[in-house]
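All remarks here apply to the structure that follows.
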Amino acid sequence: MKALVPVKRVVDFNVKVRVKADQTGVDLANVKMSMNPFDEIAVEEAVRLKEAGTVSEIIAVSIGPEKAQDQIRQALAMGADRGILVKTEMDAESLAVAKILKAIAEEEKPDLVILGKQAIDDDRNQTGQMLAALLGWPQGTFASEVKKDGDKLLVTREIDGGLQTVSLSLPAIVTTDLRLNEPRYASLPNIMKAKKKPLDVKTAEDYGVDLTPRLEVLKVSEPPKRSAGIKVASVEELVEKLKNEAGVL
Amino acid sequence: MAILVIADHDNSSLSDATGKVVTAAAKLGGDIDVLIAGKGANGVADEAAKISGVRKVLLADDGALEKQLAEPMAALIADLAKDYDAVLAPASTSGKNFMPRVAALLDVMQISEIVAIESNDTFVRPIYAGNAIATVKSADAKKIITVRPTAFNAAELGGAANVETITPPALPNISEFVAEELTVSSRPELQSAKIVISGGRALGSSENFEKYIYPVADKLGAAIGASRAAVDAGYVPNDFQVGQTGKVVAPELYIAIGISGAIQHLAGMKDSKVIVAINKDEDAPIFSVADYGLVADLFTALPELENAL
Ligand SMILES: Cc1cc2nc3c(=O)[nH]c(=O)nc-3n(C[C@H](O)[C@H](O)[C@H](O)COP(=O)(O)OP(=O)(O)OC[C@H]3O[C@@H](n4cnc5c(N)ncnc54)[C@H](O)[C@@H]3O)c2cc1C
């Protein structure tokens, strides 16, 4: 089985971003960038499936700036076999990203595409589902367990009420949730080896995809500020305040 | 404009989120229909018919829709969407599963998890774990939208819409429901509870959740939540996770016990009306959003709190 794993370059999860004064976006100058954490989980899952003999080849894809090569190299160091960078300086929207991935899937013919459930920058949670729709493939979103079962894929999903398991015909799309696995750190020798793995560089035009955004960002503003309240000295005082001051008990 | 709201339900009752999405839909202005897709969900359709402002309820009853899997749901909704200018669903795990699929089938860019509506093409949504708020204008002719339920009040009940049974188109058969493991609890539902008490890594075990958090929750009639760290460690089930990538809650009172206050956690609870934090580290970031903070060891403070209630 061949697996395709898209990875996105995003602000590191530890960074608390600041909104730009002119309200055109957030300030990303000199902030640490990393692989989207859910995508790391996706790469890890593909590598584990390869180690288990289920997957034979892993292709890591990123749609983003030149610098997104760093994230592809990280995926290669974790165990992916080769990479494709679709270079764009535009902030490609999920639908356009899904269209590019569809074109790549048609070329590469993977049996499985594993994506992160959401990117922690735009918090949109949709690329995997969109790709599944465009390809006409089934989807197992928010996965906490993935198992090959004959010619099907069993995916356990984290849902609002608990867990749900679905059986998908292959090829299929999986999107990862936090409990699927704990991604490994790439070892130094593997980081060195990754530098020699093949990485193709392409553009959106190569796949005939128009990146014109459908959503125009009119402004980006600060969220309403919540200020710190008071410290209470005891449980007794806390209960008194909640009853008589806040009126919530 | 004509608006279709996709109801969130489990074939036996309608979730609170649906009434909230109807409120959001009403802000767009126009005729609002509600779709109930499921199996044996007639009772749910009757419930939806009572939501004020609903023109009619569409009931699609089919075995293939029983578990609302994304593939058949998206096929049904994309087909119905021909007659609507906007389709809205709650940003529940169910809505988040099928709505982007609908959007792509219609070649539309979904507008995810909106918290306000400025006009019929301009919407407000949090990005970067709620550290920034984006106002976006959609150029798509049809709007496919998921709505954060905590940002809208539930619509009144008092309507008497007609229920119309519809026949779904051919539904894809590429996925199959196998099993589910639902958390059973007599406590209020996390996202609609008036009071939520959440525990973090500091609890140390599921036994400690039971011993320290549950009795206080029961005295308060509260729902129980948790940080990612507590869920990852297996102290509580995954559906307890509050945060950027878990559930978003906005109760009257949110009590954070032994939770440091990482931005990903704050994203899921900072719109609560009153926030209480109990943490033994006086510099814990959670105190920066707490109305009432108590610097204390939870293992002594919680039994005291239980007694004081
Ligand atoms: C992609 C991604 C998504 C994430 N999504 C979420 C999410 O949705 N929700 C979420 O919560 N997190 C999320 N996180 C994790 C988040 O970054 C934090 O790691 C997590 O919230 C920490 O949980 P915690 O506060 O319980 O643990 P810690 O940060 O370890 O804090 C424990 C706290 O307990 C206090 N404490 C210890 N002992 C006691 C005691 N005896 N009495 C009182 N206080 C005590 C400590 O002072 C400390 O403040 C996400 C992270 C990533 C990378």
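Numbered from 1 within each chain, the chains take letters A, B, ... in sequence-line order. The analysis underlying the following values was restricted to heavy atoms, covering all of them including side chains, and did not include hydrogens, waters or symmetry mates.
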| said: Treating Lys96(B) as the side-chain partner and Phe142(A) as the backbone partner, does any N or O pair qualify as donor plus acceptor under 3.5 Å? | reply: no
| Is the side chain of Thr93(B) donor-acceptor paired with the backbone N or O of Asp160(A) at a distance under 3.5 Å, no angle test? | yes
Contact winner vs chain B - [options], heavy-atom pairs under 4.5 Å:
| options | value |
| --- | --- |
| Pro213(A), Ser169(A), Ser167(A) | Ser167(A) |
| Arg18(A), Lys243(A), Arg179(A) | Arg179(A) |
| Lys16(A), Lys225(A), Glu222(A), Gln23(A) | Lys16(A) |

So what's closer than 4.5 Å to chain A heavy atoms on [X]: side chain, backbone, both or neither?
| X | answer |
| --- | --- |
| Leu190(B) | neither |
| Ser185(B) | neither |
| Arg228(B) | both |
| Ala74(B) | neither |
| Lys67(B) | both |

| field | Most contacts with chain A, counted as non-hydrogen pairs under 4.5 angstrom, among Ile275(B), Ile195(B), Leu309(B), Val295(B) | value | Ile275(B)
Give a yes or no on whether [X] atom [atom1] has more than 12 heavy-atom contacts from other residues, nucleotides or ligands under 6.0 Å away.
| X | atom1 | answer |
| --- | --- | --- |
| Lys20(A) | NZ | yes |
| Glu181(B) | CD | no |
| Lys137(B) | NZ | no |

Would you mind checking which part of [X] comes under 4.5 Å of any heavy atom in chain B, side chain (CB onward), backbone (N, CA, C, O), both or neither?
| X | answer |
| --- | --- |
| Ala246(A) | both |
| Val15(A) | backbone |
| Leu170(A) | neither |
| Phe38(A) | side chain |

| So do Ser234(A) and Glu304(B) actually touch side chain to side chain, heavy atoms under 4.5 Å? |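 When only atoms from C-beta onward are counted, Ser234(A) and Glu304(B) do not touch, as no gap falls below 4.5 Å.
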| message | Measuring only between side-chain heavy atoms, which start at C-beta, is Asp123(A) closer than 4.5 Å to Gln244(B)? | response | yes
| task | Compute whether any side-chain donor of one residue and acceptor of the other, for Gln126(A) and Ser112(B), lie under 3.5 angstrom apart. | result | yes
| request: Determine, step by step, whether Leu249(A) and Leu253(B) satisfy the side chain to side chain contact (heavy atoms under 4.5 Å, CB included) criterion, reporting the C-alpha distance in whole Å, the side-chain angles of both residues, the deciding distance to 0.1 Å, and the verdict. | output: CA-CA 9 Å; Leu249(A) 286 187; Leu253(B) 174 61; 4.0 Å; yes
| message | Any carboxylate oxygen within less than 4.0 angstrom of a Lys/Arg side-chain nitrogen, looking at Arg226(A) and Asp291(B)? | response | yes
| Can you list the steps and then say if Gln139(A) with Asn97(B) is a side-chain hydrogen bond (donor to acceptor under 3.5 Å, both in side chains)? | CA-CA 9 Å; Gln139(A) 65 189 58; Asn97(B) 190 32; 2.8 Å; yes
| How would you list, by chain and number, every residue that makes a side chain to side chain donor-acceptor pair (under 3.5 Å) with Asp210(A), sequence neighbours excluded? | Thr212(A)
| task | Measure from NZ or CZ of Lys231(A) to the centre of the six-membered ring of Tyr292(B) and say whether it is under 6.0 Å with the direction within 45° of the ring axis. | result | no
| field | Asp107(B) vs Arg214(A), salt bridge (charged side-chain N to carboxylate O under 4.0 Å, His left out): CA-CA, chis, key distance, verdict | value | CA-CA 10 Å; Asp107(B) 193 31; Arg214(A) 308 287 184 86; 3.1 Å; yes
